[in-house]
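The structure appears right after this line, and notes come after that.
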Amino acid sequence: MKTTDTPPSGTDEARVPAQRAGTAPKGSSAPAKKSEGQVLNVFSHGMLILWAIMVVLPLFWAVMSSFKTDTDIFNTPWSLPSSLSFDAWGRAWSQAHMSEYFLNTILVVGGSLVGTLVLGSMAAYVIARFEFPGNRFIYFLFVGGMSFPIMLALVPLFYVMDNMGLLNTIHGLILVYIAYSLPFTVFFLTSFFRTLPTSVAEAAIIDGASHTRTFFQVMLPMAKPGLISVGIFNFLGQWNQYMLPTVLNTDPEKRVLAQGLVELAASQGYKGDYSGLFAGLVIAMLPVLAAYIIFQRQVVSGLTAGALK
């Protein structure tokens, strides 16, 4: 009695025809994908390191030069200062009036930031949570405001501020900053409020809370990551704003830091006090760096909250 020579389906001889036909064993492409991933990681990490060097090196050089004398800046520009001298900081703070510019900027940015977050969050909450005629039109009106170039509004804005008696005033500049920052704030927070659960607000309303109380005591604390994120962006944009105060704030006693730095660069450039110029630059830069360092986790969580939910 003859037996067949056909091997079982699980033996190596049965897998040979499949391999010859071009069907590779499962998992054979894993080493290739792993090598590609390693190359991509090396390239991405190399680009990030290069970008970090390009960003950190100028900042470090400016801080280092603010502690040097003018002679050391020209003779040994890349060396560390021999001793920490705060004379340039004192000259920039007092003689160049950076203290007055710093205080004016704190008042303008602080007031405009609070007003922008309060008004922007209220408008975004209504647009995101309530359906009414014209809802989408109002939303796209805010979105369209983001694409409107502010340079086209400078001349009419100047005359409007002049007629209202708000020209060369701190509160007038605060109102302009709020109007300038509202479109982006409403656009950002509208998307954020839509990601928040509606059951919490419905439970508060069932318990007898008004819409105002529900917003301020329930929904606004839940939107804290988004408020911090958009607040940081508005803070950076308003702190570094130069065009609006230059046109609307011509009073030398009410200048902000951006105007003060330009004035300091022009005056110290002729005097040759470059250490004082670097000191003024670092003074204007410190609040921005502090905001990045303190709130970096909140900014990242606020940016990714809409994608994770």
Handout entry: Leu286 reachable from Phe67 in the ILVMFWY side-chain graph, under 4.5 Å edges
Key = yes
Practice task
First locate atom CG of Leu154, then atom CG of Leu244, and finally report the distance between them rounded to the nearest 0.5 Å.
Solution key: 6.5 Å
Exercise for the section: Starting at CE of Met219, measure out to CZ of Phe193 and round the result to the nearest 0.5 Å. Expected result: 6.5 Å
Fill in the blank from the handout: When Leu167, Val247, Leu175 are each screened for side chain to side chain contact (heavy atoms under 4.5 Å, CB included) with Met161, the one that passes is Leu167
Fill in the blank from the handout: When Ile293, Leu236, Ile232 are each screened for side chain to side chain contact (heavy atoms under 4.5 Å, CB included) with Val288, the one that passes is Leu236
Handout entry: Any side-chain heavy-atom pair of Leu227 and Ser121 under 4.5 Å
Key = yes
Handout entry: Heavy-atom side-chain proximity of Arg129 to Leu196 below 4.5 angstrom
Key = yes
Heavy atoms from other residues, nucleotides or ligands near [atom1] of [X] exceed 12 (cutoff 6.0 Å):
X      : atom1 : value
Phe137 : CZ    : no
Arg194 : CZ    : yes
Tyr159 : OH    : no
Met146 : CE    : yes
Tyr180 : OH    : no

Handout entry: Derivation and outcome, side chain to side chain contact (heavy atoms under 4.5 Å, CB included), residues Phe158 and Asn163
Key = CA-CA 9 Å; Phe158 176 87; Asn163 293 333; over 6 Å; no
Distance-minimising heavy-atom pair for [X] and [Y]:
X      : Y      : value
Leu264 : Met98  : CD2-SD, 4.3 Å
Thr190 : Ile127 : CG2-CG2, 4.0 Å
Thr169 : Gly165 : CG2-O, 4.1 Å

Practice task
Using atom types as modelled and distance alone, determine if a side-chain donor or acceptor of Trp239 lies under 3.5 Å from a backbone N or O of Ala284.
Solution key: yes
